[in-house]
Each structure stands twice: as structure tokens, then as C-alpha cells.
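Letters A, B, ... are given to chains in the order of the sequence lines, protein chains preceding strands, and every chain is numbered from 1.
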Amino acid sequence: MSTTNPETTGLKSLNKAQCRAVTSNAPTVAILAGPGSGKTHTLMSRVVWLIQQGGYQPTDIIVATFTVKAAREMKERIRKALGQELEKKIVLGTFHSIARRYLAKYGGRIGLDSKFGIADDGDSRAIIQRICKRLDLQIEPSHAKLWISKRKAKGSTSTPAQNGKQLKENPALVTCFQGYQDHLARSNLLDYDDLLVRSVELLQNHPSCVSNVQAVLIDEYQDTNGIQYDLMKLFAQARQRITIVGDPDQSIYGWRSAEIRNLYRLLRDYPETDEVSLEENYRSSQSILDISLDVIQQDKKRYKKVLLPVHTKGAKPVLRKLKSSAAEGEWIVAEIRRAVMLFGGMLKHEDVAILLRSASLSRHVESALGKAGVAYRMIGGHKFYDRKEIKIVLDYLRVVYQPDNNDAVARVINAPRRGIGEATIKSLLEEAEQAKMSLWSLLWRHCRGQRKATTNIRAKMEQKLNTELLRIVSTLRQRSEGMNESSPLTLVGLIDDLVRQLNFKRYLEEEYVEDHEQRWANVQELVNLAGDFMRDFGKADEEALPEVEGVAQAKEDDLLGRLLANVALASDAQKDDKEQGKSSLVTISTIHAAKGLEWPVVFVPSVFTGSIPHSRAEDSDEERRLLYVAMTRAQVLLYLSCPLYGSQGLSNKVELSPFVAPFVGKFAQKGPSFDRPVVEGAAKILGRGAPTEKAIFDKIPPMFSPEDDRFPIDPFDPKNPDGLEDDADGHCARAPKRQRTVYANTGGGDGEEERPWKPDYATTMEKSSEFTMSSLPGFVSAGAHRAATAAAGAQETTTATKQHPGTGTSRRRPDQRSLLGFVTKEPKTQHAPPPSKAPADLSFTRYQAAASRHAAKHAPAATSIDLPRPAIDLALTQHKLSTGPALARPNAPKPTDDGPRKRYAVFSSSPPRPASPDESDEKKAAPAEPEQSRPAASFHTTTFMSALPRAGVRRPVGMGPPPAMDRLRKPFKPLTINRPKGPSG
DNA sequence: GAGAGCGCGGTTTTT
DNA sequence: CCGCGCTCTC
């Protein structure tokens with residue numbers, strides 16, 4: 001297998017370096033590479049290669065990823081390459097889920113009860129909070145939690161060196177730690193960190209459990225922490241074959257104790273490691289890469305490496321300043337629409353991602369999208385499983401599964417209301433603890449008359465407890481114990497019965513008069529999720545571990561337990577591309593959750609100090625890397641933006657993030673013109689067909705401004721800093737005093753022409769933006785939009801995995817083998833460092849040289865070869881009817897025959913005023929039903945619908961002036977869903 | 001002792 | 001801007 005011919009082994013999609021990594025015979029392979037260089041693809045290919053060429057059994061391979069999403073994606077890819085049969089046998093998942101599997105099978109060996117549950121974040125927090133309070137420790141629970149988690153996550157790293165520090169430890173923390181562990185043990189729970197800690201313990205003491213393992217592969221290695229490193233080594237202890245891929249520049253989990261140092265530990269611990277660096281970036285346009293590098297290179301301590309653009313320059317990334325967060329949201333919507341429109345169907349909503357530093361920033365964006373009727377899905381942030389109604393049901397299930405889980409029991413005692421208050425529950429808990437029995441059995445015995453509780457429980461309540469809680473749960477428990485894979489529907493039935501017997505619907509109606517429907521729908525969705533779970537994980541040994549000879553496994557056929565574990569471990573976003581394909585959704589995600597993914601169009605809003613370096617962040621380098629990660633998700637269009645005033649008050653000005661401030665001049669100040677070269681360049685990068693100009697033209701409605709000119713370029717006006725809220729038109733309309741911002745001299749340095757801000761135009765457009773956006777029929781409505789795009793863009797477009805389209809153009813570096821591009825500063829390892837003293841900037845120099853070479857080669861050539869006509873698009877640029885008096889009501893043309901359901905929203909041409917009751921009458925008449933045109937196929941649709949006003953309950957949000965609405969309505973909670981829906985067969 | 005009402009601080013990112 | 005903890009009433 002040493003001489004492998006790429007042609008015959010499916011390695012064609014790999015470049016030379018990748019190929020070398022895939023086929024390396026070294027026991028340990030470290031693949032270090034920047035974003036978009038095909039790391040994951042390479043790792044996946046190596047798995048395939050190990051199985052097909054190396055003769056390894058899939059069951060003997062462990063692939064660990066960092067996030068659930070990454071695991072799922074990896075799974076998908078391997079399935080495509082190997083087929084489901086083989087893929088299923090590979091032990092693949094997040095560290096946590098793999099650890100859990102081992103503990104479920106072998107945990108008995110280290111004294112673990114096989115029915116252990118997983119304490120999620122909320123559980124841990126609650127437990128710690130209680131302990132702190134009860135013992136009157138003078139510490140902050142959140143701090144304690146962090147500390148405990150850090151301590152567990154360290155693994156073997158810390159122990160040797162720092163004894164001095166250990167003495168300094170706050171004894172209160174130690175006490176809390178102890179109490180916490182005791183409590184977990186009593187409730188038979190493991191927290192997330194414990195899964196890893198105990199697995200390490202297991203594998204240390206019982207290596208035979210992994211004696212079969214031939215190869216271990218780790219994705220996103222830079223994010224592993226100490227304990228995960230230990231675990232990796234232990235997984236690999238039989239054969240010591242490890243392959244890792246990673247990028248130190250993308251290390252964004254330091255707060256979770258990820259240690260870049262692990263890279264050097266690996267090189268030290270496995271001196272024969274074959275290091276491979278991948279240097280070509282296949283993802284992004286050159287200008288995106290350039291500016292991303294500008295950002296990351298501010299970090300002087302970083303380990304430099306080469307990143308060669310493969311694609312052409314592309315449109316200049318944008319750094320846009322907006323008046324407020326609300327304006328920012330609206331601008332984003334406008335840009336999305338502009339791009340979708342002017343790319344003539346080549347870009348769809350699903351090609352767009354909005355990446356946020358924190359989930360809480362999503363509000364404005366969501367409301368803008370909602371108003372415009374753009375469907376979206378939110379990844380990360382609020383979790384479906386965190387919703388109150390869901391938590392209650394889950395808590396019941398946990399009690400069914402684990403009667404000793406006192407916390408779950410306690411939460412469930414008075415929900416639905418049974419007239420048992422907090423004080424009573426607290427007292428019962430105390431009593432149980434004193435009596436060294438679980439809360440459940442205390443109640444049980446009390447109600448059976450076996451042991452009278454000292455806590456006073458009134459007869460009426462005892463009655464209720466007995467019939468409504470104890471009896472229901474215990475019968476369900478009996479049923480669940482008889483449940484197994486051969487009776488696949490029982491889990492759904494179980495939840496159904498639980499909910500019915502609790503009269504949960506009525507409870508919701510009474511408790512949540514306002515939105516009980518939504519909540520009940522959520523409960524229904526939970527039932528559906530359970531059904532999906534049964535289908536996908538229920539029967540197949542999705543989680544099986546290979547039998548190792550002579551090592552007995554515990555059977556884990558407890559469906560309920562697995563469901564609950566799945567909820568705890570997989571509570572992040574699922575995407576089910578199959579179903580989503582029908583409706584094209586914009587993605588909103590945290591930057592963290594976006595790692596490893598890519599989109600043609602990426603927005604990074606709120607790039608201001610306090611958000612991106614987050615105000616509570618301790619490591620600003622990590623924050624910078626975070627921004628870098630966000631930026632490098634983009635393939636063709638990258639937009640950063642920053643509101644000039646914070647959302648709270650008008651007076652709090654906001655400062656541009658220091659990470660971009662020095663480069664303001666390198667960004668465009670507004671969205672690019674989507675002229676022919678830009679469109680064609682994008683088409684090339686994405687490997688999609690560029691639409692003809694006619695195709696684009698035909699769909700552009702009149703009144704549509706092809707430029708990003710609806711918002712002032714510089715909304716900042718010192719004379720009128722307070723005109724923000726009420727929109728005293730004057731100040732936005734004033735001609736821009738150019739570049740008088742605090743940040744830098746943007747100098748307007750390049751060919752980007754600055755369109756002067758026309759006062760009248762500005763006002764009208766600005767003012768009319770709400771209704772224009774939301775009510776032009778066929779324009780904003782997803783239905784029409786889909787019709788339009790479907791007609792044009794029926795071609796295959798795959799965003800996920802690129803097969804390195806530009807093979808012909810991408811020049812591989814001849815000296816690819818060299819490592820010097822990567823590590824320039826060798827930390828205190830003294831094993832043979834590669835060409836050690838490369839000047840620190842060499843890599844960058846190389847990069848620059850390559851980049852300019854590349855540019856020289858491509859810029860003229862690329863366009864002239866494929867598409868000889870350069871700038872016909874002038875016509876397009878001038879196709880700007882809208883610069884005229886903007887208020888003329890457009891003779892709204894339906895772009896296509898929208899069939900029978902053409903929906904004309906009623907809109908008045910008068911500028912929107914703050915909502916008055918009479919006015920809203922008119923608005924009520926407007927059909928608030930953009931959502932009806934959308935298929936309700938996936939749960940994400942549900943997500944989206946929750947964003948929309950429900951007829952009768954709310955008036956159409958799109959019609960009204962936004963601020964009023966925002967204040968009137970309780971902000972909706974986006975359902976952020978996550979559907980553990982594995983790609984079913 | 002249960003529940004409704006008001007005031008205050010506070011929450012980054014994920015398994 | 002949202003859950004909490006505190007107070008007051010039943």
C-alpha cells in the first residue's frame with residue numbers, strides 16, 4: 001500500500017499534499033492547515049483510505065469530532081464514500097458521545113451504575129447554586145462552575161508542574177467541588193466533563209476495552225483540551241495510530257480549556273509524527289483571504305502559516321457602518337435581497353449566513369428578517385430543549401428513567417401545579433438528604449404510609465401527589481423497562497401517555513394563556529423528535545461498540561436512557577438538508593457554531609468593541625481568531641458591519657472593533673456592485689453556472705436599486721447624535737461629511753466610487769424601507785422568490801463540500817512538503833524541529849508573492865478565457881430606475897405568474913408613523929400570510945413561523961413601524977431547533 | 001405557606 | 001431586557 005496510484009483509489013479529489021496526508025504510512029499524522037484547505041475532506045479521505053487500502057476494519061477506527069454538527073457532517077461524507085454499512089460500524093462522534101458509549105458498555109468496571117444520566121448545564125448550575133447557598137460559601141456559583149469544569153478538563157496536564165498554585169486554591173471552591181461531585185454521585189449523574197474524566201479512568205484501568213482500536217482520527221484538533229488529549233491517547237493505546245487535523249488560528253475554545261499546546265504535546269509524545277500542511281485555500285476569494293489574514297496577523301505570537309488563494313480576487317469585503325442595530329438588520333436584509341436578485345438565482349437564501357459573536361445579538365437581525373418575510377433558521381443560541389414546557393416533560397422522563405434524580409423530581413413536584421410550594425419542596429429535599437434516601441422514595445413511602453415525612457404535607461396535596469405524580473410515573477417506568485428495540489413505537493407512546501395523563505395541554509392553557517398553542521406545538525414536536533429518534537437511532541446499533549474478545553459489554557437497550565442522553569449531548573442544531581432543500585433558509589448562527597462550515601455569502605454584524613472582543617473575554621487573541629474564523633467562512637461575499645450606537649440608549653456610542661479598525665481603508669464602505677465580473681467570479685468560485693444577464697434582468701423589478709445605497713454610508717452626525725430614535729430625517733439626509741469617524745482614514749483609497757448621498761433620495765428610501773421591503777408583492781415573499789429562483793437556478797449547486805473545482809488553476813506549491821510555513825516558533829520541545837529558523841515573516845512573504853503572482857496570472861486571464869465580454873453590465877448599473885422620486889408607487893409587477901395566490905399586501909404610501917390603533921386596522925386587512933406560501937415541511941419551518949405574527953394574535957409585523965412593534969410585543973423566542981435526525985437511510 | 005407583584009443584575013461562546 | 005429574589009397579601 002505504499003505506492004498508491006491516486007487514479008485508482010479515489011484520491012483524485014486530493015491535491016498532492018492532501019494525498020500525502022491521506023496515504024501516509026507514519027503512525028501519527030498531523031495535518032495543519034488554514035481555513036478552507038480541505039482539512040476535513042482530507043481526514044475523511046484518510047478514513048476511507050485506511051479502510052479500503054489499509055485493510056482496517058471500520059469497527060476498529062475511532063473518529064472524534066468536537067461538535068455534533070461536525071460529527072454529523074463527517075458521517076454523511078463517509079457514508080457517501082463507503083456506504084452506510086461500513087460507515088455505521090465506525091465509532092464516530094463527538095468526544096462526549098463516544099465517551100458516553102464506552103461508559104455505558106464498560107462503566108461497570110469502574111463502579112458506574114449503568115443507568116447513569118447526564119447532567120446538563122442547567123442541572124450543574126442549579127446544583128452548584130444550591131450548594132453554595134446551603135453551605136454559605138462566599139463564592140459566585142457561575143465562577144465555581146467554571147472553576148470545577150476547568151479543573152476536570154485539564155486532565156493530566158496540570159498535575160506535575162504547579163504545586164505552588166494548588167495551595168492558593170480557595171477552599172470554598174474545593175468544598176463546593178466536593179459537594180457537587182457527591183451530589184452527582186447520589187443522583188447517579190455525570191456532567192459533561194465527567195463523561196471524559198470517567199472514560200479516562202476506565203481506559204486507563206481497563207485498556208482491553210480499546211484493544212481493538214487500530215486508528216484514531218481527530219478533527220478540529222486545536223480545540224481539544226487536556227482531558228480530551230488524554231482520552232485520545234488512551235483510545236489509541238493499542239496501536240498508537242493517530243491522525244489529527246487542526247488549525248491553531250481557529251482555536252476558539254480556550255474558554256473551555258482547549259489548549260493549543262496539545263499540538264506540541266502530540267509532536268513530543270509521538271516523535272515520528274508526519275506533519276503535513278495544506279496551503280491552498282479553495283474556499284474563498286483572494287480578497288476575502290487577504291483581509292482575513294490582515295486581521296489574524298495582528299496576533300504577533302501566532303504560528304504563521306501559508307495560505308494561498310486559489311481563486312480570483314473577487315468583490316472587496318465590506319465594512320458597513322449603520323446607524324443602529326435595527327438599521328443594521330434592515331441593511332442586511334436589503335443586501336441579501338440585492339444579492340439574490342442580482343445574481344439571478346445563482347445565490348439563494350441558503351447561501352447566506354449571518355454569524356454572530358453571541359446568540360443574543362440575533363434579535364435585531366431576526367426581526368428584520370421576519371419583517372421582510374425572509375425565512376431563516378437559527379443555529380445555537382436558545383435551545384429547543386431549554387424551553388420550559390419541554391423541560392418539564394423531559395424532567396418527567398428523567399424521573400421515569402432515574403427515580404433517584406432528586407433535582408428532576410423536585411422540579412416536577414409542582415408542575416403542573418399541585419399546590420406544593422417552593423418551601424415545601426425545599427424542606428422535602430432537605431429531609432431526604434438527611435434521611436439518606438432519595439426524594440422519590442421519600443415521597444413514595446410517605447404516600448404509602450410507610451414512613452411519615454416530617455415535612456408537613458396536607459392531605460389534599462398528598463392525594464394529588466400520589467395519583468398525579470407517583471402513580472403515573474411508576475406505571476410509565478414499568479412500561480419503559482419492558483421497552484426495547486423490538487417494540488419501536490413505545491417511546492413515542494410513552495411520552496404521549498405521559499402528557500395525556502398529566503393533562504399537560506390543559507396545564508399549558510391555564511399557565512400560558514397567551515401562547516399555549518405554540519407551547520403545545522412544541523410538546524408535539526418533542527413527541528415527533530422521539531419518533532425520529534426511534535427511527536434513526538432506535539434499532540440500528542448506531543451506538544454499538546465492537547465486541548472485543550473476552551471483554552464483556554453491558555447491554556444497553558434502554559431506549560429512554562439513550563433518548564435522554566441524546567438530548568443532553570446532541571442538543572445543538574441539526575440540519576436536515578434534504579428537507580430544507582425545499583425552502584431556502586438564511587442561516588443565523590453563532591460564530592462558534594459556524595466553525596468548519598462555509599457559505600457563499602457571510603455577514604458578520606456587530607463588529608464592535610464589547611461584542612467582538614467580547615467585554616467579558618479574557619483572551620483577546622482568541623476573540624480575534626474568532627473574527628478570523630467568521631470571516632473565513634465566506635466564499636464570495638463578506639460583509640462586516642457595525643452599528644454606531646448601541647441598542648440600549650442613544651447616547652452610548654459604540655466603537656468599531658480594534659481588530660478591523662486599522663484596516664478600515666481596505667474594506668469597501670458599502671456593498672459591491674454586482675457587475676458582470678463579480679457575478680462571473682462568484683460563479684467560478686462556487687462552481688456554479690453564471691446566469692445570463694437577461695436572466696438577471698428579467699427578474700429585476702422596477703424600483704429595485706441595484707446598489708447598496710439605501711442607507712447612509714456614514715450615519716454618524718455629531719450635531720445630532722440623539723436623532724437616532726425618532727428618525728429626525730434631517731440628519732440622515734445630510735450630505736456625508738466624509739470620513740470623519742474616529743476610526744481611521746478610510747481614504748476611499750481604491751476604485752470604489754463614492755456615490756454622494758442624495759438627501760431626498762435618502763430620506764424617502766430610508767423612510768420607506770419598511771413597507772417597501774415587506775410589502776412589495778412577489779419580491780420579498782419567499783414564495784415568489786422561490787418560484788423565480790427555481791426557474792433560473794435549477795442546476796445542481798452544492799455548497800457543502802467542494803471538490804476543489806479549480807484543479808487546473810490551483811498551483812500546488814512545489815515545496816509543499818516543507819513545514820516551515822507552519823511553525824515558526826518552536827515551543828520548548830527539543831525534538832528535531834523542521835528548518836528551524838525560518839524568518840517569521842517568510843511565510844507571509846511567500847504568501848504575498850504567490851498571491852500577486854496568482855493575481856497577475858488570473859485576473860485578466862480568467863475572465864477573458866471563459867467569458868470574453870467584460871463590462872456589458874454598465875447597462876445593469878444604470879438600470880436604476882429607483883433613483884428617481886422614489887415614492888411613486890411602483891406598478892408592482894409580479895415577477896412571475898405567482899399562480900392564483902398572488903398576495904398583494906396593502907401598503908400605504910404615506911410614511912410610516914408610530915402605530916395608532918386606527919391605522920392598524922388598515923394593516924390588519926393586509927394579509928399577514930407570507931408564510932403560507934412556504935412549505936411546512938421541516939421543523940425549521942415551524943421555527944420560522946414562530947417568528948411571524950400569527951393571524952389574529954398579532955398584527956402583521958411587517959406593516960408597522962418597527963420600534964413600536966418591538967416595544968409592544970414580547971420578543972418572540974426563536975425556536976432553535978435541533979432535530980436529532982440522523983440522515984436516515 | 002402559596003402565589004402575585006415589583007425591583008435589580010446580568011448571561012459569551014459548547015458538550 | 002428576563003429571570004431572580006424579595007415583599008406583601010390571601
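For A423(A), the listed nucleotide lying nearest its side chain is dA2(B); candidates were dC1(C), dA2(B), dT14(B). With dG3(B), dT12(B), dT15(B) as the choices, the nucleotide that has an atom nearest any side-chain atom of E623(A) turns out to be dT12(B). Set against dT13(B), dT12(B), dA2(B), the side chain of T424(A) has dA2(B) as its closest nucleotide. Of the candidates dT12(B), dT14(B), dA2(B), the closest approach to any side-chain atom of S358(A) belongs to dT12(B). Proximity note for H592(A) (side chain, C-beta onward) versus dT11(B), dT12(B), dT13(B): the nearest is dT13(B). Among the nucleotides dT13(B), dA2(B), dG3(C), the one closest to the side chain of K388(A) is dG3(C). Listed nucleotides: dT15(B), dT12(B), dT13(B). Nearest to the side chain of V68(A): dT15(B). Among the nucleotides dT13(B), dT11(B), dT15(B), the one closest to the side chain of Y192(A) is dT15(B).
Expressed to the nearest 0.5 Å, how far CZ of R398(A) lies from CD1 of I118(A) amounts to 9.0 Å.
With hydrogens and angles ignored, no donor-acceptor pair closer than 3.5 Å exists between the side chain of R616(A) and the base of dT12(B).
In this structure, R256(A) does not pair ionically with D223(A), as no charged nitrogen and carboxylate oxygen lie closer than 4.0 Å. Electrostatic pairing of R625(A) and E622(A) counts as a salt bridge here, judged by a charged N lying under 4.0 Å from a carboxylate O. We find that D621(A) and R624(A) are joined by a salt bridge, their nearest charged nitrogen and carboxylate oxygen being less than 4.0 Å apart.
For the strand DNA chain B, secondary-structure stems (runs of at least three Watson-Crick or G-U pairs, all distances below 3.5 Å) span B:1-9 with C:2-10.
Among the heavy atoms of the strands, none lies under 4.0 Å from D191(A). Note on I420(A): only backbone sugar-phosphate atoms sit closer than 4.0 angstrom, heavy atoms only; bases stay farther off. Across all strands, Y253(A) comes closer than 4.0 Å only to sugar-phosphate atoms, never to a base (heavy-atom distances). S615(A) comes within 4.0 angstrom of no nucleic acid atom, judged by non-hydrogen atoms across all strands. Residue-level contact check: N414(A) touches the backbone only, with heavy atoms under 4.0 Å from sugar-phosphate atoms and none from bases.
Dashed line: the shortest gap from a side-chain N or O of S611(A) to OP1 or OP2 of dT12(B) is not under 4.0 Å.
Residue pairs that meet the salt bridge (Lys or Arg N to Asp or Glu O under 4.0 Å) test with at least one member in residues 407-417 of chain A, sequence neighbours left out, are D123(A)-R411(A), R130(A)-D407(A), D395(A)-R411(A), R417(A)-E511(A).
Where stacking is scored as ring centres under 5.5 Å apart with planes under 30°, W255(A) registers as stacked on the base of dT13(B). You can call H614(A) stacked on the base of dT12(B); the centres are under 5.5 Å apart and the planes sit within 30°.
Atoms CG (L146(A)) and P (dT12(B)) sit 9 Å apart, rounded to a whole Å. The CZ-P distance, from R101(A) to dT15(B), rounds to 15 Å in whole Å.
Between F95(A) and F235(A), the angle of the ring planes stays under 30°, which puts this pair in the parallel group of the 30/60° scheme.
Checked against the 6.0 Å centroid criterion, the rings of H592(A) and W255(A) qualify as a close aromatic pair.
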For this session: For the pair K152(A) and I227(A), evaluate side-chain contact (heavy atoms from CB on, under 4.5 Å) and give the outcome as yes or no after the intermediate values.
Result: CA-CA 7 Å; K152(A) 292 181 179 176; I227(A) 193 83; over 6 Å; no

